[in-house]
*Asks:* 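Here's a structure for you.
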Amino acid sequence: MGKQHNGEVLEGTVIRATGSWFDVQADGRVIPSRVRGKFRLAGMDTTSPVVVGDRVKVRLNPDGTGLIVDVHPRRNELSRRAAGRRHSLRHVIAANIDFVWIVQAVHLPEPNPGFIDRVLVAAERYEIPAGLILNKIDLMTEEDRPAIEALERLYAELGYRVLRTSVVTGEGLDELREALRGKTSVVTGPSGVGKSSLLNAIEPGLNIRTAPVSEKTGKGRHTTTYVALYPLSIGGFVVDTPGLREFGVTDLEPAELSHYFVEFRPYLSACRFPDCTHEHEPDCAVKAAVASGEISEERYYSYLNILHSLKLGVDNR
């Protein structure tokens, strides 16, 4: 690495975001950086104008820190409604993503199909391929098996890749490792589903903090407190995210929602009304497909839940 001069501008990638500071990997080093004021104003529809995965230009300061002076256009982003907001402010989790993995646990905490569907809508919105990881599969009992296999079958039949994993037995880890190879992948899910433990098992040198799930509440404790982009020795990067209790869909009009439920698409042009919401209108091809079993009731009710929250402009869980 050559000598760097104050005022020199480097190209880099944001690898960590903590409050008003951003770690930028550029020219073989990590530069703690702040954001130029004009970007803070320009990003008023989001909680931050710069996110992990962004390609940026950073100007070096005499003290070794940097100032982010330009952000390249994003190929895509994964975003959700900012928690606790009754308007359309977006919290962008990461940018320039190749794949989104939604992690759910067999137990502690229980699977949450509504959460899965909200993340899938956000991924479809930006045309990011997505899949489901059913983790802690070692905890599955014979009593659980029908429900877990039904969940697995539902999403696999929709065309989403589904993996079963266990850090305890090692099941699925080689398959997940291969799926991550050479890609920039986001790993997201509620607290306690084992995201950080999975990543530590895939890449032991990461040493991401983990904590057991609270037996009292059955919910996970937040151990990842910021979004970070980690390089993988097999090639590619993985974005670890803090556990999300909710995933509010945002940046979407209610009328657009049905286009992001993949199984609805063949029926959308067959409804009597072109602006059909598939909720109360007569001669709705989507409702007919639900009645005939071509669209699952679970996914349809999940759609209605998200539709109502978009109409109300509130968080949806």
Side-chain angles (χ1 to χ4, degrees), residues 1-80 82-83 85 88-100 122 126-128 180-188 196 199 203 205-209 222-242 250-251:
M1 184 173 63
K3 186 179 178 185
Q4 290 165 340
H5 305 284
N6 175 34
E8 183 181 1
V9 176
L10 301 173
E11 294 270 345
T13 301
V14 178
I15 61 167
R16 188 163 76 158
T18 55
S20 60
W21 284 95
F22 303 88
D23 285 351
V24 178
Q25 189 165 338
D27 197 29
R29 62 177 283 197
V30 176
I31 304 163
S33 304
R34 288 186 180 270
V35 180
R36 197 173 183 172
K38 73 170 187 176
F39 294 120
R40 286 200 293 274
L41 294 173
M44 288 304 284
D45 63 335
T46 65
T47 53
S48 173
V50 178
V51 301
V52 164
D54 270 331
R55 293 285 301 163
V56 298
K57 288 183 179 175
V58 60
R59 182 187 297 149
L60 294 178
N61 295 322
D63 62 358
T65 64
L67 182 68
I68 294 170
V69 295
D70 196 15
V71 183
H72 293 298
R74 292 170 184 163
R75 179 162 52 92
N76 58 36
E77 64 179 47
L78 183 68
S79 60
R80 64 176 183 133
R85 309 280 183 168
S88 58
L89 196 66
R90 289 180 2 260
H91 170 66
V92 183
I93 295 167
N96 303 315
I97 305 155
D98 296 317
F99 206 95
V100 177
Y126 285 98
E127 300 181 359
I128 307 169
L180 296 173
R181 186 189 295 274
K183 293 188 175 78
T184 298
S185 306
V186 169
V187 178
T188 192
S196 298
L199 296 180
E203 188 80 22
L206 291 180
N207 298 321
I208 304 169
R209 282 182 59 219
H222 289 282
T223 49
T224 301
T225 55
Y226 50 81
V227 179
L229 183 74
Y230 296 104
L232 297 173
S233 57
I234 54 173
F237 298 87
V238 69
V239 180
D240 186 28
T241 63
T250 188
D251 200 22

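Keep in mind it's a predicted model, so treat the numbers as computed, not measured.
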*Asks:* When rounded to the nearest 0.5 angstrom, what is the spacing between CG in L10 and CG in D27?
*Replies:* 5.5 Å
*Asks:* Can you list the steps and then say if L232 with R181 is a side chain to side chain contact (heavy atoms under 4.5 Å, CB included)?
*Replies:* CA-CA 8 Å; L232 297 173; R181 186 189 295 274; over 6 Å; no
*Asks:* For the residue pair I68 and V71, what are the closest heavy atoms and their distance?
*Replies:* CG2-CG2, 4.2 Å
*Asks:* So if I apply the side-chain contact (heavy atoms from CB on, under 4.5 Å) rule between L78 and each of V92, V51, V186, V239, which one comes out positive?
*Replies:* V186
*Asks:* So how far is it from L229 CG to D23 CG, rounded to the nearest 0.5 Å?
*Replies:* 11.0 Å
*Asks:* Over all heavy atoms of both residues, which pair between D240 and S196 is shortest? Give the atoms and the distance, please.
*Replies:* OD2-OG, 3.3 Å
*Asks:* Give me the atom names and distance for the closest heavy-atom approach of Y126 to S79.
*Replies:* CE1-OG, 4.2 Å
*Asks:* Is there a donor-acceptor pair under 3.5 Å between the side chain of D63 and the backbone N or O of T65?
*Replies:* yes
*Asks:* In plain terms, say whether D70 and R59 are close enough for a salt bridge, that is, a side-chain N and a carboxylate O under 4.0 Å apart.
*Replies:* no
*Asks:* For the CZ atom of R75 and the CG atom of D98, what is their distance to the nearest 0.5 Å?
*Replies:* 4.5 Å
*Asks:* When V56 is tested against each of V35, V14, V69 for side-chain contact (heavy atoms from CB on, under 4.5 Å), which residue passes?
*Replies:* V14
*Asks:* Any side-chain to backbone donor/acceptor pair from E11 onto R55? Under 3.5 Å, distance only.
*Replies:* no
*Asks:* Between CZ of F22 and CZ of R34, what distance do you get to the nearest 0.5 Å?
*Replies:* 9.5 Å
*Asks:* Counting only N and O atoms by type, is there a donor-acceptor contact under 3.5 Å from the side chain of N76 to the main-chain atoms of I97?
*Replies:* yes
*Asks:* What is the distance from atom CZ of R29 to atom CG of L60, rounded to the nearest 0.5 Å?
*Replies:* 6.0 Å
*Asks:* Please find the pair of heavy atoms, one from G64 and one from P32, that lie closest to each other, and give the distance.
*Replies:* O-CD, 4.1 Å
*Asks:* What's the separation between atom CG in N96 and atom NE2 in H72, rounded to the nearest 0.5 Å?
*Replies:* 10.0 Å
*Asks:* Do side-chain atoms of S33 reach the backbone of I31 as a donor and acceptor pair under 3.5 angstrom?
*Replies:* yes
